[in-house]
Amino acid sequence: MPQNPVQDHLKPLTSLRFFAAAWVVLYTYIHELKGALSIGLLNKGYLGVDLFFVLSGFILSYVYFEGFKAGRFTYGKFITMRLARIYPLHIAMLVFTLLLIAAAAIAGQHLDANASNWAALPAHLSLTQAWGLAPTASFNHPSWSISAEWFAYLTFPLTAFVAVKLHNRPMLAVGLAMGLMTIMYAAFQGVMGFHLTNATFQWGALRIVPAFLYGAALFLAWRAGAVQRSGVALAGAIIASLTMIFAASFVPGDLVACDLLIVLAAGLLVLSMAGLAPKTGEGGILSGKALVYLGEISFATYMIYVPWKWVYLKGVDRLLGLQGHGLPFVWWLAGLLALIPLSMLAHHLIERPCREIVRYYGEKWLKSGIWKKFSKVNFTRPAGEKGVEN
């Protein structure tokens with residue numbers, strides 16, 4: 001079959017999703033290792049979420065920009081696709097977490113200080129737990145980021161509108177996005193007293209804004225051929241990687257400039273990786289089947305890693321009698337690697353089939369008279385959407 005150019009160009013970015021998820025997971029899991037060392041880049045693993053946000057802005061702009069520019073974008077269809085992408089696995093893991101809480105209560109065990117704050121349940125059900133509507137980081141805490149993504153999806157037409165207005169001035173768009181990120185990071189630190197990149201359930205919807213817009217602006221730069229030459233793209237990827245390592249290792253972590261520099265460099269990495277995409281879809285380790293597949297299941301990895309951590313740590317602690325003193329390396333590594341087959345199961349048994357179900361019934365509802373009153377619906381899936389969703 002002929003190659004799909006959208007999928008081919010985004011294969012390295014799909015692989016990058018795996019590394020972003022691994023960065024977040026290691027940030028949490030490294031503290032469970034007995035005698036773990038402090039490693040600068042791992043200590044900044046929470047910024048893997050901001051890397052996801054930049055990727056999201058880039059990829060959604062890639063898939064939907066031309067349609068929006070040509071007047072073919074349909075909001076109802078877009079929201080249905082986005083909801084189908086994130087909601088089923090979120091609900092599945094929320095139910096699983098509730099069952100864990102019930103089982104722990106019956107067994108007289110304690111999972112987490114804020115695991116069962118029932119006042120936060122409505123916000124989790126409505127995907128608004130990162131909009132300041134949840135009192136604590138409750139249930140499956142990483143789901144705050146998909147609540148932030150949901151906010152970005154709902155407001156995506158505004159992002160696309162600005163992108164269309166600036167599509168002939170991509171460098172201006174990138175400069176404005178970088179300036180906005182700098183101002184927001186500094187202003188938030190000054191007003192709230194902590195970094196915007198540390199915001200989760202209270203200000204997560206605000207946290208995604210500069211990163212998502214930055215990703216959309218970087219797409220315009222890519223579209224204009226900023227990294228068309230492979231040498232430029234490779235140099236950009238190397239510079240971005242070294243900058244992230246340097247900032248995490250040598251810039252004081254309590255400075256806003258540290259996180260800002262890492263997120264800006266992460267955006268350069270996204271742009272450069274997109275430039276490294278092979279035009280034929282063949283060759284290159286980042287376009288290899290293994291890394292691309294790991295990227296495809298990375299959403300499942302991200303959504304299951306905290307509940308799995310609870311189960312695994314409790315089980316190993318009881319088995320070895322560790323009394324919370326940290327895992328031996330072999331047991332730590334086993335728990336970490338187990339995330340791969342568990343992610344595969346969650347991806348293939350829950351995420352993918354439920355996504356299709358939501359899409360089917362969502363499109364069926366869109367065909368009803370309600371949505372036809374508001375828009376002309378194009379029921380053809382945007383070219384290349386399959387396999388490249390973020």
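Listed for the Tyr312 side chain is a donor-acceptor partner under 3.5 Å among the backbone atoms of Trp331. In this structure a side-chain-to-backbone donor-acceptor pair under 3.5 Å is present from Tyr214 to Leu264. A donor-acceptor pair is defined here as one N or O able to donate and one able to accept, closer than 3.5 Å; no such pair exists between the side chain of Tyr302 and the backbone of Val49. No donor-acceptor pair under 3.5 Å is formed between the side chain of His167 and the backbone N or O of Val162. Between the Ser147 side chain and the Gln129 main chain, a donor and an acceptor come within less than 3.5 Å of each other. No donor-acceptor pair closer than 3.5 Å links the side chain of His347 to the backbone N or O of Met344. Under the 3.5 Å distance criterion, the side-chain polar atoms of Trp23 are matched with a main-chain donor or acceptor of Leu41. Although no hydrogens or angles enter the test, the distance criterion places a donor-acceptor pair under 3.5 Å between the side chain of Gln189 and the main chain of His195. Checked by atom type and distance alone, the side chain of Thr301 pairs as donor or acceptor with a backbone atom of Ile297 at under 3.5 Å. The backbone N or O of Leu269 sits nowhere less than 3.5 Å from a side-chain atom of Ser272 that would complete a donor-acceptor pair.
No hydrogens or angles considered: nothing links the side chains of Glu296 and Thr14 as a donor-acceptor pair under 3.5 Å. Using modelled atom types and a 3.5 Å distance limit, the side chains of Glu363 and Thr80 yield no donor-acceptor pair. Between the side chains of Tyr75 and Lys77, not a single donor N or O lies within less than 3.5 Å of an accepting N or O. Side-chain contact of Asn140 with Thr97: a donor-acceptor pair under 3.5 Å is absent, judged by distance alone.
Atoms OG and NZ, on Ser287 and Lys11 in that order, are 6.0 Å from each other to the nearest 0.5 Å. Atom CG of Leu42 and atom CG of Leu26 lie 5.5 Å apart (nearest 0.5 Å). If you take CG on Leu16 and CE on Met273, they are separated by 4.0 Å, rounding to the nearest 0.5 Å. With values rounded to the nearest 0.5 angstrom, Ser61 atom OG is found 9.0 Å from Leu213 atom CG. Atom-to-atom distance recorded for Tyr305:OH and Leu336:CG is 12.0 Å, nearest 0.5 angstrom. With rounding to the nearest 0.5 angstrom, the OG atom of Ser126 is 7.0 Å from the CG atom of Leu133.
If you chain together hydrophobic residues whose side chains sit under 4.5 Å apart, Leu268 and Phe52 never meet in one group. In this structure, Leu176 is not a member of the same hydrophobic cluster as Ile183, with clusters built from ILVMFWY side-chain heavy atoms closer than 4.5 Å. Leu121 is not connected to Phe201 by any chain of hydrophobic side-chain contacts under 4.5 Å among Ile, Leu, Val, Met, Phe, Trp and Tyr, and they are in different clusters. Met81 and Val358 are not part of a single hydrophobic cluster, where members link through side-chain heavy atoms under 4.5 Å apart. There is no path of hydrophobic side-chain contacts, each under 4.5 Å, that joins Val95 to Ile357.
Residues Ile30 and Trp332 have side chains in contact (heavy-atom distance under 4.5 Å, counting atoms from C-beta outward). Annotation: side chain of Pro307 is in contact with side chain of Met93 (closest heavy-atom distance under 4.5 Å). Considering only heavy atoms from C-beta on, Leu127 comes within 4.5 Å of Leu83 through its side chain. Cys258 has its side chain within reach of Lys44: a pair of non-hydrogen atoms, C-beta onward, lies under 4.5 Å apart. In this structure, the side chains of Leu206 and Trp203 come closer than 4.5 Å at one or more pairs of heavy atoms. Side chains of Val25 and Lys309 form no contact here, defined as non-hydrogen atoms less than 4.5 Å apart. Counting heavy atoms from C-beta outward, Val306 and His141 have side chains that stay 4.5 Å or more apart. Taking the side chain as every heavy atom from C-beta outward, Ile91 and Leu125 approach each other to under 4.5 Å.
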Run the ring-ring contact (aromatic ring centres under 6.0 Å, His included) test on Phe151 and Trp131 for me, step by step, so that the C-alpha distance in whole Å, both residues' side-chain angles and the decisive distance to 0.1 Å come before the verdict. CA-CA 8 Å; Phe151 177 80; Trp131 300 15; 5.7 Å; yes

Would you please test Tyr29 and Leu339 for side chain to side chain contact (heavy atoms under 4.5 Å, CB included) and show each step? CA-CA 12 Å; Tyr29 269 72; Leu339 279 170; 4.2 Å; yes

Trace of the side chain to side chain contact (heavy atoms under 4.5 Å, CB included) decision for Tyr62 with Leu13: CA-CA 12 Å; Tyr62 189 113; Leu13 297 187; over 6 Å; no

From CA spacing to verdict: side chain to side chain contact (heavy atoms under 4.5 Å, CB included), Thr28, Tyr46: CA-CA 8 Å; Thr28 301; Tyr46 58 89; over 6 Å; no

Criterion side chain to side chain contact (heavy atoms under 4.5 Å, CB included) on Arg169 and Leu220, from CA distance to verdict: CA-CA 8 Å; Arg169 292 179 287 179; Leu220 295 180; over 6 Å; no

Please report the C-alpha distance between Asp50 and Thr197 in whole Å, then the side-chain angles of each, then the deciding distance to 0.1 Å, and finally whether the side-chain hydrogen bond (donor to acceptor under 3.5 Å, both in side chains) criterion is met. CA-CA 8 Å; Asp50 299 275; Thr197 48; 5.5 Å; no

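Within 6.0 Å of the OH atom in Tyr361, the count of heavy atoms belonging to other residues, nucleotides or ligands does not exceed 12.
Taking the charged nitrogens against the carboxylate oxygens, Arg82 and Glu149 have no contact shorter than 4.0 Å, which rules out a salt bridge. Remark: Glu356 does not engage Arg352 in a salt bridge, criterion side-chain N to carboxylate O under 4.0 Å.
Closest approach of Val174 to Ala217, counting heavy atoms only: CG2-O, 3.5 Å. The two atoms that bring Trp308 and Gly335 nearest to each other are NE1-O, 2.9 Å, heavy atoms only. Taking all atoms of both residues into account, the shortest heavy-atom contact from Ala300 to Glu351 is CB-OE1, 3.9 Å. Closest heavy-atom contact between Leu33 and Leu327: CD1-O, 3.6 Å. Residues Asn43 and Tyr27 share a closest heavy-atom pair of O-CE1, 3.4 Å. Pairing each heavy atom of Val256 with each of Ala186, the nearest pair is CG1-N, 4.2 Å.
Note: Phe73 and Phe78 have tilted aromatic rings, judged against thresholds of 30 and 60 degrees for the angle between ring planes. Between Phe219 and Trp222, the two ring planes are parallel [angle under 30°; tilted spans 30° to 60°].
Taking the six-membered ring wherever Trp is involved, the centroid distance between the rings of Trp118 and Phe139 falls below 6.0 Å. Here Phe53 and Phe212 keep their ring centres 6.0 angstrom or further from each other.
Cation-pi contact between Arg85 and Phe299: present, with separation from the ring centre below 6.0 Å and deviation from the ring axis of at most 45°.
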Just distance, no hydrogens or angles: give the donor-acceptor pairs under 3.5 Å from side chains in residues 235-255, sequence neighbours left out.
{"residue": "Ser241", "atom": "OG", "partner": "Ala237", "partner atom": "O", "Å": "2.8"}
{"residue": "Thr243", "atom": "OG1", "partner": "Ile239", "partner atom": "O", "Å": "2.7"}
{"residue": "Ser249", "atom": "OG", "partner": "Ile245", "partner atom": "O", "Å": "2.7"}

